Amino acid sequence: VNDGAVMEAWAKDQGVEGSMITFLADTRSELTQALDLVLHAYVLGNPRCKRFAIVVEDGVIKAIKVAGGDVPDEATFVEAMLEEV
C-alpha cells in the first residue's frame with residue numbers, strides 16, 4: 001500500500017510510460033480491503049497488501065493472481081499475467 005510518489009517513481013524506473021500498464025497507489029488501503037488482500041503481518045506496523053497482480057480492462061477484472069500458499073510469487077510476474085489475457 002504505497003503512496004502516489006512511490007508508485008510514480010516505480011513506474012518511471014520500470015519505463016512503463018506510454019504502455020498499457022498503470023501503477024496505482026492505495027494509501028488508505030481501500031482497494032486492498034475491498035479485494036480482501038490485506039496482509040495481516042502486524043509486526044510490520046501499518047496494514048500491508050498481499051503480493052498480487054491484476055489485469056483490469058474497462059473497469060472489469062480480467063485476471064487476478066495472489067501469491068501465497070500454493071501460488072508462487074512468479075504467478076504474479078508480468079510474463080505469467082500476460083498469458084492470462
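As the structure is a computational prediction, the values presented were derived from the model and not from experiment.
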Would you list the pairs meeting salt bridge (Lys or Arg N to Asp or Glu O under 4.0 Å) in which at least one residue belongs to residues 4-14, sequence neighbours left out?
none
Between atom CD1 of Ile64 and atom CG of Leu37, what is the distance when rounded to the nearest 0.5 Å?
5.5 Å
Give the minimum heavy-atom separation between Gly4 and Ala25, together with the two atoms involved.
N-CB, 3.4 Å
To check you understand the geometry: which heavy-atom pair defines the closest contact between Ala80 and Ala75, and what is its length?
CB-O, 3.5 Å
Leu35 and Ile61, any side-chain heavy atoms less than 4.5 Å apart
yes
List the residues meeting side-chain contact (heavy atoms from CB on, under 4.5 Å) with Ala11, not counting sequence neighbours, and say none if there are none.
Val16, Phe23
Using the rule that Ile, Leu, Val, Met, Phe, Trp and Tyr join whenever any side-chain heavy atoms are under 4.5 Å apart, tell me whether Trp10 and Ile21 fall into a single cluster.
yes
Looking at every non-hydrogen atom in both residues, tell me the closest pair between Thr32 and Arg48 and how far apart they are.
CG2-O, 4.2 Å
Table please: side-chain donor-acceptor pairs of residues 50-57 below 3.5 Å, with sequence neighbours left out.
from  : atom 1 : to    : atom 2 : distance (Å)
Arg51 : NE     : Thr76 : OG1    : 2.8

Of all pairs that satisfy salt bridge (Lys or Arg N to Asp or Glu O under 4.0 Å), the ones with a partner from residues 61-84, not counting sequence neighbours:
Lys65-Glu84
Show which residues join Val60 in its hydrophobic cluster (side-chain heavy-atom contacts under 4.5 Å, direct or indirect), or state none.
none
Please determine whether residues Val71 and Phe77 belong to a single hydrophobic cluster, defined as Ile, Leu, Val, Met, Phe, Trp and Tyr linked transitively by side-chain heavy-atom distances below 4.5 Å.
no
